[in-house]
Novice: 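Could you have a look at this structure, given as structure tokens, before my questions?
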Amino acid sequence: MYLQLLIVGIAMGMIYALLSLGIVLLVRAVGVLNFAEGQLFMLGAYVTYALTYQAGLPLYATLIIAIVIFALFGVLFMFSVYWPLRKSTWGATIIISCLGASTVIKEVAKLIWGSNPLVYEPLVKGTISIAGAKLEYQYLFIIAICIVMIIGVELLFEKLYVGRIMQAAAQNKYAAELLGIATVVTVAVTYALSATLVGVGGWLVAPLFLVSTSLGDFLLKGFAGMVIGGYGSIKGAVIGSIFVGIAESFSVLITSTYKNAIVFLILIIFLIVKPKGLFRPKISEKA
């Protein structure tokens, strides 16, 4: 039983980690919390549902086309919601813009797919027995895909030249432009990457929950993971989110009704005891 709860907790923590990373990348690039990330997560579930069941595409084609759609939507979101308002003297302008975009995305999804929840079959069917615990392959599939994506993000920003350019543009816009780095391109790539991460997260979680607009509420868990890990830290976002997932999973031993309350109680404790989170990020001027 405990092993099963641990695996489920890690899998859900990985999902929250994708959301947290989506938030953190934008915090590092533009210094703004995107409160529409939850709806982009929800949109990921709807888009992959449409490609799978309405367009009848195989799994590999669905994933490839979906990733392209997520990236393009991220760039569209950046140019319509963030870029025109980036020089506003009122700090809350972009936050309000994101909240407005969140509502629009949610209502458009209802217009296209309706209000009734949709069923998404497991991407990987079957179960496996480990030490007497039955585990669904879907959870193991989620862990594997998320590990690949998280490692990819880590390699991008720590090892690849492109990632270093993106970080340089985020840390000092003026110096980056003097070196010929177009900050509009780096910000657009960051938005595309962020939308892709959360979109894939929505696709992975769709078989575990009904595809509906309520999936946008997952943002709260991703935000909790980011705060616990350290505001703006990539490593912290992953570790904090996995901690949230495991805490949520094991909380059913106490109560299944108030497990969300337990998660946010833990968040409050962290804010009191360690308000800066587990890891300190490197954040300076934003593009």
Side-chain angles (χ1 to χ4, degrees), residues 15-30 32-55 57 59-86 94-114 118 120 145-146 149-150 152-153 156 162 166 170 182-206 209 211-219 222-223 287:
I15 293 293
Y16 302 149
L18 294 184
L19 269 165
S20 292
L21 284 175
I23 299 170
V24 166
L25 291 180
L26 295 183
V27 167
R28 289 164 63 109
V30 297
V32 174
L33 280 173
N34 182 9
F35 287 101
E37 289 286 326
Q39 304 310 326
L40 296 178
F41 180 84
M42 175 260 319
L43 196 62
Y46 273 113
V47 167
T48 50
Y49 175 88
L51 293 173
T52 301
Y53 295 101
Q54 295 175 324
L57 297 178
L59 179 61
Y60 71 91
T62 293
L63 184 56
I64 293 172
I65 295 175
I67 287 175
V68 173
I69 293 174
F70 298 153
L72 291 176
F73 193 85
V75 174
L76 175 63
F77 186 94
M78 172 258 193
F79 279 111
S80 60
V81 177
Y82 165 73
W83 197 254
L85 305 172
R86 70 190 186 282
I94 297 175
I95 293 177
I96 294 174
S97 178
C98 290
L99 289 172
S102 175
T103 302
V104 170
I105 294 171
K106 184 175 182 179
E107 295 304 316
V108 169
K110 285 183 179 179
L111 286 175
I112 296 174
W113 289 284
L118 305 173
Y120 203 125
I145 296 296
C146 289
M149 297 192 70
I150 291 169
V153 172
L156 172 64
V162 174
M166 292 171 65
T183 55
V184 61
V185 175
T186 61
V187 173
V189 171
T190 304
Y191 267 89
L193 180 57
S194 173
T196 300
L197 287 171
V198 298
V200 171
W203 168 64
L204 290 173
V205 85
F209 301 86
V211 179
S212 68
T213 53
S214 64
L215 289 178
D217 296 337
F218 273 66
L219 175 65
F223 182 75

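Only a predicted model underlies this, so the values are computations on that prediction, with no experimental measurement involved.
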Novice: Compare every heavy atom of Leu19 with every heavy atom of Glu37, then report the nearest pair and how far apart it is.
Specialist: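 Looking at all heavy atoms of both residues, the shortest contact is O-CD2, 4.0 Å.
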Novice: Kindly compute the distance separating CD1 (Ile15) from CG (Leu215), expressed to the nearest 0.5 Å.
Specialist: 10.5 Å
Novice: If we only count heavy atoms from C-beta on, is the Phe77 to Tyr82 side-chain gap below 4.5 Å?
Specialist: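 No. Closest side-chain heavy atoms not under 4.5 Å.
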Novice: Under the criterion side chain to side chain contact (heavy atoms under 4.5 Å, CB included), which of Leu40, Ile65, Thr196 is the partner of Phe70?
Specialist: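 With Phe70 as partner, side chain to side chain contact (heavy atoms under 4.5 Å, CB included) holds for just one option, Thr196.
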Novice: Which distance, rounded to the nearest 0.5 Å, do you find between the NZ of Lys106 and the CG of Leu43?
Specialist: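 One finds 13.5 Å between NZ of Lys106 and CG of Leu43.
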Novice: Taking the six-membered ring for Trp, are the ring centroids of Phe218 and Phe209 within less than 6.0 Å of each other?
Specialist: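 Phe218 vs Phe209: aromatic centres under 6.0 Å.
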Novice: Which atom names give the shortest non-hydrogen contact between Ala45 and Gly202, and what distance separates them?
Specialist: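 So the minimum-distance heavy-atom pair works out to CB-O, 3.5 Å.
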Novice: Could you grab the distance from atom OG of Ser212 to atom NZ of Lys110, nearest 0.5 Å is fine?
Specialist: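 Separation between the atoms: 9.5 Å.
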Novice: State, yes or no, whether a side-chain contact exists between Leu18 and Cys146 at a heavy-atom distance under 4.5 Å.
Specialist: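 When only atoms from C-beta onward are counted, Cys146 and Leu18 do touch, with a gap below 4.5 Å.
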Novice: Got a sec, which residues hit ring pair (Phe, Tyr, Trp, His ring centres under 6.0 Å) with Tyr53, two or more places apart in sequence or on another chain?
Specialist: Tyr49, Tyr120
Novice: Can you give me the closest heavy-atom contact between Thr48 and Ala66, atom names plus distance?
Specialist: CG2-CB, 3.8 Å
Novice: What heavy-atom pair brings Phe41 and Gly201 nearest, and what distance separates the two atoms?
Specialist: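 So the minimum-distance heavy-atom pair works out to CE1-C, 3.3 Å.
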Novice: Just to verify, which of Leu33, Asn34, Val32 counts as forming a side chain to side chain contact (heavy atoms under 4.5 Å, CB included) with Ile94?
Specialist: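 Single pass found, and it is Val32.
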Novice: Might you point out which heavy atoms bring Gly22 and Val198 nearest each other, and give the distance in Å?
Specialist: CA-CG1, 4.3 Å
Novice: Looking at every heavy atom in both Val75 and Ala188, which two are closest together, and how far apart are they?
Specialist: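 Between these two residues, the closest heavy atoms are CG2-O, 3.8 Å.
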Novice: Under the side-chain contact (heavy atoms from CB on, under 4.5 Å) rule, what do Ile105 and Met42 come out as? Steps first, then yes or no, please.
Specialist: CA-CA 9 Å; Ile105 294 171; Met42 175 260 319; 4.0 Å; yes
Novice: How many angstroms lie between OG in Ser102 and CD1 in Ile96, if you round to the nearest 0.5 Å?
Specialist: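 Ser102 atom OG to Ile96 atom CD1 measures 13.5 Å (nearest 0.5 Å).
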Novice: Roughly how far, to the nearest 0.5 Å, is CG of Leu25 from OG of Ser194?
Specialist: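 If I round to the nearest 0.5 Å, the distance is 6.0 Å.
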Novice: Is any side-chain heavy atom of Leu57 closer than 4.5 Å to one of Thr52?
Specialist: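 Counting from C-beta outward, Thr52 and Leu57 never come under 4.5 Å.
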Novice: Drop me the distance from Leu51's CG to Ile69's CD1, to the nearest 0.5 angstrom.
Specialist: 5.0 Å
